[in-house]
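Each remark here refers to the structure printed beneath this line.
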Amino acid sequence: MDRPLPGSAHEALESFLGHWSGTTQWEATAWGPARAAASEVVFARAAAGLAVTMSYRHTDADGTKTEGVGVFTVDPDRPDTLWYHVNSMGLPPEAPARASWLDGTLTIERRSDRGTARHTLRVDGGQLTHAAGLRLGSASEFSPFMTTVCRRVPEPAPVAV
């Protein structure tokens, strides 16, 4: 059986690999007030390098946690990156979203009956930025929803045994 080999999208995801720590700023929405949360994000290779996982945790000042896991992989038949995603908000997992690259920014649009969420992820100058906007109902524009800004956390040195 022939299996797909890592391509340019996998190589582009390499810059995300590692442990990141920072802050998420949530905009005020119908679901809640504006707030900030401490954020941890980890990107890791999976499935012999054919996928990259993204796990994250946001911790609000009151200790409330929001968690999620995503899996990025490449569509072997199209030049797209796919993003499978599930989080602790209680909604069932959706079909994978298609993502595209432009000038080092990964843009993902997740569509559902509720509307469209547009995520952008970028690593630049040692900083990871993940921004999301929402377009609900018949709105023609995306409204900012959240922005996460993180710095890479150095990997601990191996312990000699």
Side-chain angles (χ1 to χ4, degrees), residues 7-44 46 51-75 78-153:
S8 60
H10 288 95
E11 293 164 11
L13 287 166
E14 290 285 319
S15 67
F16 292 100
L17 295 176
H19 186 154
W20 303 81
S21 180
T23 303
T24 296
Q25 181 63 48
W26 299 92
E27 303 299 327
T29 67
W31 302 292
R35 68 189 192 284
S39 298
E40 288 186 66
V41 184
V42 177
F43 288 89
V52 171
T53 61
M54 171 191 179
S55 58
Y56 63 87
R57 175 179 292 153
H58 304 292
T59 305
D60 289 349
D62 67 0
T64 302
K65 292 181 181 4
T66 305
E67 301 177 335
V69 175
V71 177
F72 294 95
T73 190
V74 173
D75 182 337
R78 296 172 61 183
D80 293 340
T81 299
L82 300 174
W83 186 33
Y84 298 82
H85 178 260
V86 64
N87 64 33
S88 63
M89 302 301 274
L91 298 173
E94 298 172 353
R98 291 200 175 269
S100 60
W101 291 93
L102 180 62
D103 298 328
T105 298
L106 181 63
T107 300
I108 308 153
E109 287 196 5
R110 294 174 45 214
R111 293 175 179 83
S112 74
D113 294 340
R114 297 177 304 281
T116 302
R118 177 183 288 161
H119 297 260
T120 58
L121 292 103
R122 179 176 185 83
V123 173
D124 189 24
Q127 178 175 291
L128 167 68
T129 303
H130 176 186
L134 297 174
R135 186 176 63 207
L136 303 175
S138 61
S140 60
E141 300 291 321
F142 284 90
S143 297
F145 177 64
M146 59 138 273
T147 302
T148 299
V149 178
C150 294
R151 291 271 178 206
R152 194 180 303 273
V153 176

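The two residues G22 and C150 make their nearest non-hydrogen contact at N-SG, 3.6 Å. The shortest non-hydrogen separation linking R151 to G125 is NH1-O, 2.9 Å. For the residue pair S88 and K65, the shortest heavy atom distance occurs at OG-O, 4.4 Å. Minimum interatomic distance between A117 and L134 (heavy atoms only, all atoms of both residues): CB-CD2, 3.8 Å.
Atoms CD and OG, from E109 and S100 in turn, are 8.0 Å apart once rounded to the nearest 0.5 Å. Within the model, atoms NE2 of H58 and OG1 of T23 stand 11.0 Å from one another, a figure rounded to the nearest 0.5 Å. Once rounded to the nearest 0.5 Å, the distance linking CZ of R152 with CD of Q127 reads 12.0 Å. The distance from atom CG of D62 to atom CG of D60, rounded to the nearest 0.5 Å, is 5.5 Å. With rounding to the nearest 0.5 Å, the separation of CG in L121 from CE in M54 is 5.5 Å. Interatomic distance, N87 CG to Y56 OH, rounded to the nearest 0.5 Å: 4.5 Å.
Looking only at distances, no side-chain donor or acceptor of R118 sits under 3.5 Å from a matching main-chain atom of T107.
The aromatic rings of F16 and W101 are tilted relative to each other, their planes meeting at an angle between 30° and 60°. H130 and W83 have perpendicular rings, their planes meeting at more than 60° on a 0 to 90° scale where under 30° would count as parallel.
Two residues are said to be in side-chain contact when any heavy atoms from C-beta on lie closer than 4.5 Å; M146 and T148 meet this criterion. Contact annotation: the side chain of F43 never approaches that of V123 to less than 4.5 Å [non-hydrogen atoms, C-beta and beyond].
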Carefully, step by step, assess D124 and T129 under the rule side chain to side chain contact (heavy atoms under 4.5 Å, CB included). CA-CA 8 Å; D124 189 24; T129 303; over 6 Å; no

Walk me through whether F145 and E27 qualify under side chain to side chain contact (heavy atoms under 4.5 Å, CB included). CA-CA 5 Å; F145 177 64; E27 303 299 327; 5.6 Å; no

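A donor and an acceptor atom, one from each side chain of R122 and T105, are located under 3.5 Å apart.
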